[in-house]
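One structure below.
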Amino acid sequence: MDDNIEEKSKGIDFIRQIIDKDNETGKYDSRVHTRFPPEPNGFLHIGHAKSICLNYGIVKEYGGKFNLRFDDTNPSKEETEYVESIIEDVRWLGADWENRLFYASDYFEQLYEYAERLIKIGKAYICDLSADEIREYRGTLTEPGKNSPYRDRSIDENLDLFRKMRAGEFADGEKTLRAKIDMSSPNLNMRDPVIYRILHTAHHRTGDKWCIYPMYDFTHCLSDSIERITHSLCTLEFEDHRPLYDWYLDQLEIYHPQQIEFARLNLSHTILSKRKLLQLVESKMVSGWDDPRMPTIAGFRRRGYTPESIRDFCNRIGIAKADSLVDIALLEHCIREDLNVHANRVMVVLDPVKVIIDNYPDDKVEWLDAVNNPEDESAGTHKIAFSREIYIERDDFMENPPKKYFRLYPGNEVRLKHAYYITCTDVVKDENGEIIEIHCTYDPESIGGGTVDGRRVKGTLHFVSAKHTVPVEVRLYENLFTIPEPNNPPDDKTFIDFINSDSLKILKCCLAEPYLANAKQGDRFQFMRRGYFCVDIDSTENNLVFNRTVTLRDTWAKMQKKISK
RNA sequence: UGGGGUGUCGCCAAGUGGAAAGGCAGUGGCUUUUGGAGCCACUAUGCGGAGGUUCGAAUCCUCCCACCCCAGCCA
């Protein structure tokens with residue numbers, strides 16, 4: 001209850017306002033029943049997550065029910081593989097359909113009967129027009145259509161023909177069942193839409209039982225009705241299908257859900273169109289639907305995103321009817337916020353350069369304590385190794401540093417995280433001028449990373465002990481596209497022209513601390529000063545592979561960028 | 001030039017006739033053994049535009065403008 005009050009003061013979205021009103025008036029006996037109705041013709045993406053979170057979130061808040069229903073009415077595009085991935089993704093996101101997993105194909109017999117009923121009340125007819133002819137007869141946006149010459153067939157003839165359609169007596173495309181509505185309606189959806197088409201194609205669930213398949217518009221609203229859905233939430237483009245749904249439901253005199261439309265999600269620097277995502281997959285521009293650069297649920301999961309962070313994102317973007325483009329920075333903020341509290345800190349050097357601490361004993365090894373998570377004391381500590389030779393990041397050293405660079409450079413003292421202060425004394429290069437060794441001295445008094453004299457160092461570096469490393473592979477990801485709106489490319493370009501060639505960098509020679517040796521697939525860590533990473537499914541015992549989920553916020557990089565501009 | 005929608009800060013988004021919420025991004029500062037995290041502050045005399053109603057308008061009325069969706073036997 002308190003939660004509700006708080007929600008209200010923050011302003012609830014217009015859909016929840018409608019539900020509140022319906023509950024007050026008792027429109028559906030205060031029942032709230034939603035559903036998520038995907039077509040199994042591709043993987044779910046973050047836009048679907050928005051819908052799932054909306055539908056399921058409402059159900060949790062109102063104590064209602066939530067169905068998962070596959071709208072599988074087009075056998076030529078749908079596959080069991082997609083059904084399986086969708087079930088996995090919805091479950092991973094945390095939505096619970098209990099025992100209500102349905103398929104529109106479960107209703108084929110019922111739907112067929114509804115269709116016969118329409119014929120029997122004179123509201124549907126068999127049309128012999130070809131696809132092209134139907135288009136011609138439909139008219140245009142500004143001109144009304146013409147009645148089909150087959151529009152006035154008798155009920156008996158229609159019924160007979162429809163049964164013959166079902167019996168397989170006609171070839172694909174030879175006939176359709178059409179609603180008899182109004183060919184001059186300004187709403188093209190009402191110009192005698194097709195209800196059933198002939199498709200001699202096996203269905204992933206019903207096999208070859210059917211050779212006629214109902215169209216989406218007919219199936220969808222009736223499926224919602226059959227399931228006693230109260231609020232059918234869908235995206236804006238179905239707004240002018242609503243009169244058609246109302247028409248079907250009214251003609252058949254059956255239970256009538258309330259459809260409410262909201263704006264679909266657009267995310268910057270990526271693409272959320274199943275057709276285009278399929279194109280990326282089929283052209284091998286990405287490794288698959290679950291490529292960590294893909295905006296699919298499977299992609300985000302593999303990338304290291306948590307379901308919590310995606311739900312948080314979906315709650316933050318809100319629900320409205322205005323077309324919008326959400327900045328992907330918000331999604332990144334959500335995963336950082338989650339992982340900051342939950343990911344253990346470890347040290348991994350991505351691009352190693354050797355540092356020799358000349359005054360540290362040759363054969364000595366110390367095992368020092370490292371706090372796992374400064375944000376969560378209960379996360380505990382682990383041991384890290386320290387010895388005379390260590391590796392640090394190549395970009396944590398500069399011979400001639402710019403102003404405000406407070407990492408390692410000749411004469412400068414920095415802190416090695418959890419270990420000692422070191423001061424750079426010398427640099428050794430090879431014949432190409434490449435730095436191969438950095439020499440330092442350390443202050444034994446600074447053990448643990450502080451000194452009794454309280455002197456300050458500005459820089460703190462991560463490192464690994466040279467003799468105590470785990471070699472790992474690291475995959476760095478960036479946005480898949482270089483422009484904010486690849487869906488709306490400038491000039492005569494296409495989204496393909498803006499694929500980011502730097503969206504994946506594979507680093508094969510990274511060095512991790514021993515603590516990571518036992519990391520398992522899916523484990524998430526913060527690599528200190530580098531970002532959040534998770535163990536990829538490509539990982540094996542001999543080759544640990546980490547995906548960078550997201551970088552840390554990097555004010556130094558930001559400063560550099562500004563200077564270079 | 002048909003119909004259906006939408007316009008509030010760089011990006012989302014509350015607001016439903018009585019002082020323009022909040023988040024992200026950005027900026028400045030404090031703090032910090034991650035240039036992380038955290039904390040504080042700043043950022044719309046203005047709500048697509050023009051008129052009108054009203055003591056009072058982002059909210060009501062009129063006209064205009066811009067953008068999105070619809071002419072699959074796809075969903």
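As a basis for the values below, the full set of heavy atoms in this structure was taken, side chains included, without hydrogen atoms, waters or symmetry mates. Just so it is clear: chains get the letters A, B, ... in the order the sequence lines come, proteins before strands, and each one is counted from 1.
Looking at residues two or more places apart in sequence or on another chain, you find no ring-ring contact (aromatic ring centres under 6.0 Å, His included) involving F313(A). Applying the ring-ring contact (aromatic ring centres under 6.0 Å, His included) rule to H333(A) yields no partners; only residues at least two apart in sequence or on another chain are considered. Residues meeting the ring-ring contact (aromatic ring centres under 6.0 Å, His included) test with F262(A), sequence neighbours left out: none. Qualifying side chain to side chain donor-acceptor pair (under 3.5 Å) partners for Y391(A), counting only residues two or more places apart in sequence or in other chains: none. Scored by the ring-ring contact (aromatic ring centres under 6.0 Å, His included) test, Y137(A) finds no partners at all (sequence neighbours excluded). Take D327(A) and apply the side chain to side chain donor-acceptor pair (under 3.5 Å) test, not counting sequence neighbours, and it matches no residue. Contacts of K558(A) classified as salt bridge (charged side-chain N to carboxylate O under 4.0 Å, His left out), with partners at least two apart in sequence or in another chain: none. Under the side chain to side chain donor-acceptor pair (under 3.5 Å) criterion, T555(A) pairs with no residue at all, not counting sequence neighbours.
A side-chain donor-acceptor contact under 3.5 Å links H200(A) to the backbone of F170(A).
Listed by residue number, the members of residues 73-83 of chain A with any heavy atom below 4.0 angstrom from RNA chain B are T73(A), N74(A), K77(A). Sorted by residue number, the members of residues 235-248 of chain A with any non-hydrogen atom under 4.0 Å from RNA chain B read E237(A), F238(A), E239(A), D240(A), H241(A). Across residues 211-221 of chain A, M215(A), Y216(A) each have a non-hydrogen atom less than 4.0 Å from an atom of RNA chain B (numbered order).
For E375(A) against rG36(B), a side-chain N or O and a base N or O form a donor-acceptor pair under 3.5 Å.
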Between protein and nucleotides 23-25 of chain B, what N or O pairs are separated by less than 3.5 Å?
unit_1: rG23(B); atom_1: O2'; unit_2: R316(A); atom_2: NH1; d: 2.8
unit_1: rC24(B); atom_1: OP1; unit_2: H333(A); atom_2: NE2; d: 3.4

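Place A263(A) and T460(A) on RNA chain B by their nearest nucleotides, and A263(A) ends up nearer the 5' end.
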